[in-house]
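Structure record follows, encoded as structure tokens.
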Amino acid sequence: LQVGVQGVAIAERAWQQALAYAQERRQGRSAWTGENPAPIFDHPDIRRMLMLMKAKCEAGRGICLSTAVAADLARHSPKASARDAARSREEFLTPIAKAWCTDDGVEVASMALQIHGGMGFIEETGVAQYYRDARITPIYEGTNGIQAIDLVGRKLALDSGQAMQNLADAIRSCISGLTDSKDKRLDRIAARLEKGVDAVVDASHWLAERRGHPDALAGAVPYLTLCGDVGGGWMLAKGALADLEHIKASGDGGHYCHTTNAS
């Protein structure tokens, strides 16, 4: 879990520096204002990368925090049944937190290099160091391939698959909340998340049947990636629901601006 947090931390720092650089570096014409030269932040592909980087940082942070919460509940919940359920959740999420978040740390650091262009290879910018720092994290504390084999070979079988099923049920509960909100923006999130959790459940059943076979082990890394993608989507969906509740409570009718340095 600590290594997973390290992956998220490096990704967050790489995203912050890439955002700042994109606002300062001027090259080409703005796709929105026609300004020339404009900050490269005004190039749609740069914004696409920055938004993807931010989403991955927030999704990874949510996965790590959820794993940590499960670890705390496994130790301190007053009821034994709650402790057992939390322990299973913690054990199922831990390889995902470690592997998915460190793989994404590498990907986000790589996108930060891409946004910097050739300047990314100039040591004074520091951005190449983020990539080097991130690249070791999928290797140590159990390579991510080993983490995936642990997920498929041991964690998926916890309580006869109940840990995975409980997680799927929690995601479906979130989907119901998105649908009940009657907000069309959240309907789109709900539809995609539902397809994702269905894919996780189907893959889990297939892997459980093929447990120990070479084809199941060969699919371990893609399965962990799927669980991370869907779990991260769940974290972002929960954030969207919380955001909607905040908007309703503030009484601004949904007209709001999320302020960043880019504003």
Side-chain angles (χ1 to χ4, degrees), residues 1-12 56-105 137-175 177 193 196-197 199-201 203-205 207-208 211-212 216-217 219-239 241-242:
L1 176 57
Q2 290 175 344
V3 177
V5 172
Q6 185 177 344
V8 174
I10 296 170
E12 173 69 24
K56 285 182 175 291
C57 288
E58 294 190 0
R61 187 178 296 110
I63 289 173
C64 288
L65 286 171
S66 292
T67 308
V69 168
D72 285 347
L73 293 175
R75 290 154 179 77
H76 302 297
S77 286
K79 293 183 178 180
S81 59
R83 291 196 297 272
D84 290 342
R87 187 171 296 107
S88 294
R89 174 71 60 85
E90 174 196 1
E91 292 190 18
F92 189 83
L93 287 178
T94 295
I96 300 171
K98 192 278 177 179
W100 192 85
C101 293
T102 55
D103 281 342
D104 267 27
T137 57
I139 296 171
Y140 59 39
E141 289 298 329
T143 67
N144 287 355
I146 296 298
Q147 295 289 339
I149 289 172
D150 177 53
L151 177 64
V152 168
R154 192 163 67 90
K155 304 301 177 59
L156 187 55
L158 286 172
D159 302 326
S160 300
Q162 196 58 48
M164 182 280 298
Q165 190 58 56
N166 289 345
L167 190 64
D169 290 343
I171 296 174
R172 293 192 194 282
S173 177
C174 178
I175 292 170
L193 191 55
V197 73
V200 168
V201 171
S204 298
H205 289 160
L207 287 168
R211 186 182 178 202
L217 296 177
V221 168
Y223 175 72
L224 187 148
T225 301
L226 174 64
C227 288
D229 287 347
V230 175
W234 175 39
M235 294 295 109
L236 295 175
K238 290 173 70 175
L241 275 173

| remark: For Cys227 and Ile96, the nearest pair of non-hydrogen atoms, with its separation, is CB-CD1, 3.6 Å

Expected list for residues 64-73: side-chain donor-acceptor pairs under 3.5 angstrom, two or more places apart:
{"residue": "Ser66", "atom": "OG", "partner": "Gly62", "partner atom": "O", "Å": "3.0"}
{"residue": "Thr67", "atom": "OG1", "partner": "Ile63", "partner atom": "O", "Å": "2.8"}

| note | Nearest heavy-atom approach of Gly177 to Leu241 is O-CD2, 3.6 Å

| Counting distance only, does the side-chain N/O of Lys155 pair as donor-acceptor with the main-chain N or O of Glu91 below 3.5 Å? | yes

| request: Among Asp229, Thr225, Asn144, find the one that has a side chain to side chain donor-acceptor pair (under 3.5 Å) with Trp100. | output: Asp229

| message | So, taking the atom named CG in Leu156 and the one named NE2 in His205, what distance separates them when rounded to the nearest 0.5 Å? | response | 8.5 Å

| Hey, is the main chain of Asp169 close enough, under 3.5 Å, to the side chain of Ser173 for a donor-acceptor pair? | no

| Is any side-chain heavy atom of Leu193 less than 4.5 Å from a side-chain heavy atom of Val230? | yes

| Side chain of Arg211, backbone of Val152: donor and acceptor closer than 3.5 Å? | no

| said: Checking the side chain of Thr102 only, and the main-chain atoms of Ala99 only, is there a donor and an acceptor separated by less than 3.5 Å? | reply: yes

| What are the two closest non-hydrogen atoms of Leu158 and Ser88, and how far apart are they? | CD1-O, 4.0 Å

| task | Could you tell me whether the side chain of Asn166 reaches within less than 4.5 Å of the side chain of Phe92, counting heavy atoms only? | result | no

| query | Can you name the closest pair of heavy atoms from Cys174 and Lys238 and give their distance? | reply | SG-CG, 3.9 Å

| Side chain to side chain, Val200 and Ser204, heavy atoms closer than 4.5 Å | yes

| message | Looking at every non-hydrogen atom in both residues, tell me the closest pair between Ala74 and Ala86 and how far apart they are. | response | N-CB, 3.5 Å

| task | Could you tell me which residues satisfy side chain to side chain contact (heavy atoms under 4.5 Å, CB included) with Glu141, sequence neighbours excluded, listed by chain and number? | result | Val3, Lys98

| note | Minimal heavy-atom distance between Ala216 and Leu207, with the atoms involved, is O-CD2, 3.7 Å

| Distance in Å, Arg61 CZ paired with Cys101 SG, rounded so as to fall on 0.5 Å steps | 10.0 Å

